[in-house]
Amino acid sequence: MTFRIGNASGFYGDRFDAMREMLLGGDLDVLTGDYLAELTMLILGRERMRDPGLGYARTFLRQLEEGLGLAQERGVRIVANAGGLNPAGLADAVRKLATRVGVPVRVAHVEGDELIGRGDWGEGVVAANAYLGGAGITACLRAGADVVVTGRVADAALVSGPAAAHYGWAADDWDALAGAVVAGHVLECGTQATGGNYAFFREHDVRHPGFPVAEIERDGSSVITKHPGTGGAVTVGTVTAQLLYETAGSRYPGPDVTARIDSVRTAQAGRDRVRITDVRGEPPPPDLKVGLSRIGGWRNEVVFVLTGLDIDAKAALVRDQMDAAVAAGGRRPAELRWTLARTDHPDAAVQEEASALLRLVARDPDPEKVGRAVSAPAIELALASVPGFHLTAPPGKGSVYGVFSAARTAQGSVSHTAVLPDGSRIAVPPPPHFQALDDLPEPALPEPLPAGPTRRAPLGAVAGARSGDKGGDANVGVWARSDDAWRWLAHELTVDRFRQLLPDAADLPVARHVLPRLRALNFVVEGLLGQGVASQARFDPQAKAVGEWLRARYLEIPQILLMGEPL
């Protein structure tokens, strides 16, 4: 019988009512919740510094006040990584909540990802966590747990762990595990699989998209769907977009298995049903990713509004005045970064459309150097600078910023532990085999389209895209919607063309990965995001909109591809 796993959270702060919606909306065997991201670990780390008893996603507890009873009534087990930096603390809190609401449940948790104090991770680290696999979750569910909470596990482990428990997969059932990992990757970001953040959003009603469900078969194949009557849509396009999100090349490595993204086949299997098949699995790499979150220093930001004529000259004057004032105070920050966004239009009928934004970001280990030393000179320019001088907001004192980096540790060096409902502890062994992530030869490209007339148009007229962050790197997945569009895209969107269309990437390392079965290209831009989202290195610190920027760029597109396409 098909095993049905739903998702009710894609991040800490996602739709609060989703747990209730998923439990009431249709049949499920397991309901998962993904609460952790790179930025979340920094937030939880700072929270734990203030109170060692915290460090977990407290929203999860509030959702369980009603969710525990609903799950018990419907026979649904709950698996979530809401434990963050304190899964044992969250497990205890769930037990207390269960007693208070009168719902007896068996609670287990997974620990061992915490590596603070176990290695030299450098100064200022507030969270050091290995990405564990799903085997600990599997052990907890096999022991009868109704609720399993974890710390930092690979996001897809929230699905592969329960699937392995249900079907009794062995640790070396690589293809089945890989299939579940791919399904888990589609589910992990919640409504991004059901039309949320989708390039072609106008094709569906996505005002209130439902959360996704994976129907997983014994061989690891799956159907991605959603509860009947919920909003959004599940199409080959929405699933492809999520498959490309925050991945890279042909191999998608995880703690339990490496899934071959280049093997994946997708097909529409009915309304709001997409079948995923043919996923191949390989042994995982011999080491685990370790996420390191540290305090990077202090940051302040001032945004000057420049309106009307002579924008470049106005920007130059403001920069000269601020640079001189900061230097004169003898407290120049370690980093001063200026960017000018030319959002202004000539002869604008709306004042905002006549204005450009000049942004100053200051960083330094010393809070004093980014506080009044920056904000006071900005304020003092109010009557002594460019005509029309004003700011988007009064400058503040500055705030702490974080830095994310990734390290590696051997699979056997962590104490992956399943703490069962009766309190007994089971050591979870590493996978039985490993395989290094050697480079694969690039697959053959399709035959190019025959030469013909072209028209200058945005890339988004014929291709979708989705982008995201991995530490300081950004990935941009681009897919074609037809075989002919793929024949053109595969040859046209080279690394050189990508850099030309996105000048921010012009001087950075860019890798292109070709995925013919998805009619897709996946680009990884190293260093675009500086030291990760918490460092706020650019206007779009998580690269969420880079894909849409790329789709908005114009290039010569074969006219045959544009016939009937809305521009």
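These numbers come from the heavy atoms of this one structure, side chains and all, not from hydrogens, waters or symmetry mates.
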Rounded to the nearest 0.5 Å, the CD atom of Gln63 sits from the CG atom of Leu23 at a distance of 10.0 Å

- Test ring pair (Phe, Tyr, Trp, His ring centres under 6.0 Å) on Phe11 and Tyr35 and set out the steps. CA-CA 4 Å; Phe11 65 98; Tyr35 292 80; 9.2 Å; no

Check whether any side-chain N or O of [X] sits under 3.5 Å from a backbone N or O of [Y] as a donor-acceptor pair, and report yes or no.
X: Asn475; Y: Glu246; result: yes
X: Asp146; Y: Arg77; result: no
X: Asp262; Y: Val264; result: no
X: Glu114; Y: Ile116; result: yes
X: Ser467; Y: Val546; result: yes
X: Asn300; Y: Gly396; result: yes
X: Ser293; Y: Ala127; result: no
X: Tyr167; Y: Ile216; result: yes
X: Gln542; Y: Gly468; result: no
X: Arg265; Y: Arg517; result: no

Check this for me, if you would: do [X] and [Y] make a salt bridge, where the nitrogen-to-carboxylate-oxygen distance has to be below 4.0 angstrom?
X: Arg538; Y: Asp504; result: yes
X: Glu65; Y: Arg100; result: yes
X: Arg15; Y: Glu21; result: yes
X: Arg152; Y: Asp155; result: yes
X: Asp92; Y: Arg95; result: yes

Six-ring centre of [Y], [X] cation under 6.0 angstrom, axis tolerance 45°:
X: Arg294; Y: Phe404; result: no
X: Arg260; Y: Tyr252; result: no
X: Arg46; Y: Tyr401; result: no

Could you tell me if the side chain of Gln72 sits less than 4.5 Å from the side chain of Pro104, heavy atoms only? yes

Tightest non-hydrogen contact, residues Leu31 and Ala8, listed as CD1-CB, 3.9 Å

Query - Pair Asn81-Asp34, side-chain hydrogen bond (donor to acceptor under 3.5 Å, both in side chains): steps then yes or no - result: CA-CA 6 Å; Asn81 61 12; Asp34 182 4; 2.8 Å; yes

> Are Glu215 and Thr225 close enough that a side-chain donor and a side-chain acceptor fall under 3.5 Å?
Replying inline: no

Give a yes-or-no answer on whether the side chains of Arg466 and Gln242 include a donor-acceptor pair shorter than 3.5 Å. yes

**Request:** Determine, step by step, whether Val510 and Phe498 satisfy the side chain to side chain contact (heavy atoms under 4.5 Å, CB included) criterion, reporting the C-alpha distance in whole Å, the side-chain angles of both residues, the deciding distance to 0.1 Å, and the verdict.
**Result:** CA-CA 9 Å; Val510 177; Phe498 181 90; 4.0 Å; yes

